Amino acid sequence: MAEALRLPAEQRYPEEFAALLANDRDPRPSNWRLSPRSVETFLLGSQGKALSYEEGGVAKSVVIRKKFYGDDVLVQRAIVTLASDRGLLLIGEPGTAKSWLSEHLAAAVSGDSLLTIQGSAGITEDQIKYSWNYALLLAEGPSKRALVPAPLYLGMRDGKVVRFEELTRTPHEVQDTLLSCMSDKVLTVPELAGDGSGDGFVLAQRGFNVVGTANTRDRGVNEMSSALKRRFNFETVPPVEDLNEEIKIVREQVTGLLEGSAARAATLPDEVLELLVTTFHELRGGKTSDGVKVDRGNGVMSTAEAVSVGFHSALYASFFAESKVEPEHVVINLAGAAVKDSAEDLKVLRNYWDVAVKPRATKDVGLWKAYYKARSYLK
Ligand SMILES: Nc1ncnc2c1ncn2[C@@H]1O[C@H](COP(=O)(O)OP(=O)(O)OP(=O)(O)O)[C@@H](O)[C@H]1O
Ligand SMILES: [Mg+2]
C-alpha cells in the first residue's frame with residue numbers, strides 16, 4: 001500500500017476535527033470550517049479536556065493536542081486577521097514554526113492547507129494565478145476548459161486561505177500580482193474578459209485570504225513594496241523562550257516522526273532529550289542557564305533543527321545500536337545540522353563543549369559526563 005511521508009494537517013488529525021466540529025457552538029465566518037474559538041482550540045489544544053463526539057453511532061472522545069507553543073495572543077490575533085480584509089504575514093528567524101502555523105491555520109479555517117504557493121526567485125505569475133492547457137488552447141482558443149487554475153485562483157473562487165511561503169523571496173513584479181488581487185478582491189483573466197461569459201473575472205468569495213511567511217535571514221521584508229506591506233498585518237514569530245516548552249515540542253515532533261518510520265521501536269529518553277534541546281537553546285541564546293557566555297555560529301540553531309537531530313539520533317540508535325538513544329548518538333548527529341557552511345561553526349560547537357558541557361560533566365549531573373566524553377566526534 002502506498003504510504004505518504006507526511007499528511008497535510010487537515011488529514012493528520014481526523015478525530016480532533018470530528019470532535020471540534022461536533023462541539024462547535026459559536027458562529028463561523030462565511031466559508032470557515034470552524035468558528036474562531038475552535039480554530040484557536042485546534043492550535044493551542046483543549047488543555048487536557050476531552051471533547052466527545054459520535055462516529056458511526058459509537059460515542060468517542062478526544063483531547064485536542066497543543067500544536068503551537070509560545071504566545072497565545074499571537075495565535076488569536078492571527079485568527080482575527082484571517083477573518084479580516086487584510087492578509088497575515090508571519091515573519092521571523094528560520095525554524096520558528098511560521099510554515100507550521102500557516103499550515104495549521106489554513107487547515108482549521110479552510111480545511112485545506114494545500115493551496116500553497118512556494119515563493120522563490122524563479123516563480124512566475126502563472127504559478128500563482130493560472131496557466132493554460134496548451135493542447136486545448138491551440139485546439140479551441142482560450143476557454144474556461146483550457147484554463148488551469150493555480151492556488152490564488154482556487155482560493156479566491158472557493159473562499160479559502162491561500163498560503164504564500166517565503167513571500168519576500170519572490171520578484172517584485174510577482175508580488176504585485178498579489179497586490180491587485182488582495183486589494184480589489186478580483187482576479188482578471190484578460191484572455192476571457194471580453195467574451196461576455198463572465199469567465200474573465202474571479203470575484204473573491206468570503207473566506208478568501210492570504211497567509212504569507214517570510215524569513216528574516218533571507219531577503220528582507222524591507223524589500224517588499226510599501227503598497228503590499230499595507231495589505232498585510234505582520235506578526236513576528238519568535239523562537240521558543242522556555243526550555244521546557246522547547247523540550248516538549250521536540251519530544252512530540254520526534255515521537256510523531258518515529259511513529260511512521262523504520263525506527264518505530266527507538267526510544268529517546270528524557271535525559272538525553274534534555275541534553276540535546278539545552279544545547280540548541282543555549283547556542284541560540286549565546287549563554288548558558290548559569291549565565292556563561294557561549295559563542296554563536298552562522299548555523300541556524302532552531303527548534304526545527306533540534307527536532308531533526310533528535311530524529312536522526314533515534315534512527316541511528318535503531319540502526320546501529322540498541323534502539324535507545326545515548327548521549328553520544330546525539331553528538332554524532334549534531335554536526336550535520338549545526339555546521340552548515342563553515343568550519344567556524346564546528347569551533348563554536350567545540351567551544352560549547354569546553355565552556356558549557358565540561359563544567360556540568362565535572363559536577364557529574366545527569367548524563368553530561370557521557371555527553372562530554374563524546375566530544376571526539378566533533379571533528
Ligand atoms: N513555537 C513552536 N510551536 C510548535 N512547534 C514549533 C515551534 N517552534 C518550532 N516548532 C517546530 O519546528 C518546526 C518549525 O518548522 P517550520 O518549517 O514551520 O519553520 P519556519 O519558521 O517556517 O522556518 P523557515 O523560515 O526556515 O521556513 C516545526 O516542525 C514545528 O513543529
Ligand atoms: Mg517556512
Side-chain angles (χ1 to χ4, degrees), residues 5-9 12-13 16 39-45 47 64-78 88-108 113-114 116-121 123 162-170 210-221 234-261 268 273 276-277 279-281 283-285 298-312 314 337-338 340-341:
L5 260 176
R6 181 179 186 275
L7 290 173
R12 218 176 303 143
Y13 318 89
E16 292 193 13
V39 174
E40 184 204 20
T41 310
F42 176 68
L43 280 148
L44 299 178
Q47 278 147 14
I64 311 297
R65 274 169 286 177
K66 187 170 174 67
K67 313 203 177 49
F68 180 76
Y69 290 82
D71 188 0
D72 292 359
V73 182
L74 184 155
V75 172
Q76 291 171 334
R77 273 200 308 262
L88 170 68
L89 187 61
L90 302 171
I91 55 174
E93 293 267 304
T96 48
K98 300 178 294 299
S99 302
W100 173 260
L101 187 56
S102 105
E103 179 193 0
H104 286 76
L105 281 169
S113 65
L114 295 176
T116 304
I117 300 160
Q118 192 60 52
S120 71
I123 196 168
V162 175
R163 299 173 50 204
F164 204 131
E165 288 288 296
E166 309 297 345
L167 179 60
T168 48
R169 293 194 62 214
T170 59
V210 176
V211 47
T213 62
N215 183 320
T216 42
R217 287 230 185 170
D218 287 331
R219 246 166 76 177
V221 174
F234 285 55
E235 286 292 346
T236 303
V237 187
V240 187
E241 248 176 55
D242 184 86
L243 177 65
N244 290 323
E245 227 160 54
E246 192 167 2
I247 291 178
K248 237 189 237 171
I249 298 172
V250 177
R251 184 189 298 118
E252 272 167 30
Q253 292 285 323
V254 174
T255 311
L257 288 167
L258 283 175
E259 265 165 26
S261 77
L268 179 55
L273 188 67
L276 160 67
V277 183
T279 304
F280 276 79
H281 203 84
L283 278 168
R284 189 166 66 229
N298 301 313
V300 177
M301 301 304 288
S302 72
T303 311
E305 309 291 320
V307 170
S308 159
V309 175
F311 183 44
H312 284 207
K340 286 278 154 69
D341 48 15

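Counting starts at 1 for both ligands and their atoms, following the listed order. The structure displayed is predicted, hence computed values, not measured ones. Values below: all heavy atoms of this structure, side chains included; hydrogens, waters and symmetry mates excluded. Throughout, residue positions are numbered sequentially from 1 according to the sequence presented.
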Polar proximity ligand 1 side, Gly92 side, N/O cut 3.5 Å exclusive: no
Point-to-point distance, once rounded to the nearest 0.5 Å, from CG of Leu114 to CD of Glu103: 8.0 Å
Within-shell test, Gly95 vs ligand 1, heavy atom, strictly < 4.0 Å: yes
Atom 1 (N) of ligand 1: nearest protein contact (heavy atom, Å): Tyr69 O, 2.6 Å
Flag, side chain of Arg284 to backbone of Val240, donor-acceptor distance under 3.5 Å: yes
Close approach of Glu166 to ligand 1, heavy atoms, under 4.0 angstrom: yes
Geometric N/O contact Ala97 with ligand 1, under 3.5 angstrom: yes
Close approach of Thr96 to ligand 1, heavy atoms, under 4.0 angstrom: yes
Inter-residue atom distance Ile123.CD1 - Glu166.CD, 0.5 Å rounding: 11.5 Å
Distance from atom 22 (O) of ligand 1 to nearest protein heavy atom, with residue and atom: Ser99 OG, 2.7 Å
Protein residue, atom and distance nearest to atom 4 (C) of ligand 1, heavy-atom basis: Lys67 O, 3.2 Å
Any donor-acceptor N or O pair under 3.5 Å, side chains Thr116, Glu165: no
Value rounded to 0.5 Å, distance of NE2 in His281 from CD in Glu241: 7.5 Å
Asp71 vs Pro238 side-chain heavy atoms within contact, under 4.5 Å: no
Distance from atom 21 (O) of ligand 1 to nearest protein heavy atom, with residue and atom: Lys98 NZ, 2.6 Å
Test item: Phe280 and Val250 side chains (from C-beta on) under 4.5 Å apart, heavy atoms: no
OG1-CD1 distance between Thr170 and Ile117, expressed to the nearest 0.5 angstrom: 9.5 Å
Donor-acceptor contact below 3.5 Å, side chain Lys98 vs main chain Glu93: yes
Lys66, NZ atom: more than 12 neighbouring heavy atoms under 6.0 Å: yes
Numbered atoms and elements of ligand 1 in range of Asn215, under 4.0 angstrom, heavy atoms: 24 (P), 25 (O), 26 (O)
Top protein contact for atom 29 (O) of ligand 1, by heavy-atom distance: Gln253 OE1, 3.5 Å
The Mg ion (ligand 2) reached by Thr213 (N, O or S, under 2.8 Å): no
Atom 18 (O) of ligand 1 [closest protein heavy-atom partner, distance rounded to 0.1 Å]: Trp100 N, 2.9 Å
Contact check, side chains of Leu74 and Leu101, non-hydrogen atoms, under 4.5 Å: yes
Val240 to ligand 1, any heavy atom closer than 4.0 Å: yes
Close-contact set for ligand 1 against Pro94 heavy atoms, below 4.0 Å: 23 (O), 24 (P), 25 (O), 26 (O)
Nearest-contact summary for atom 15 (O) of ligand 1 - protein heavy atom, Å: Ala304 CB, 3.9 Å
For atom 5 (N) of ligand 1, closest protein heavy-atom neighbour: Ile249 CG2, 3.5 Å
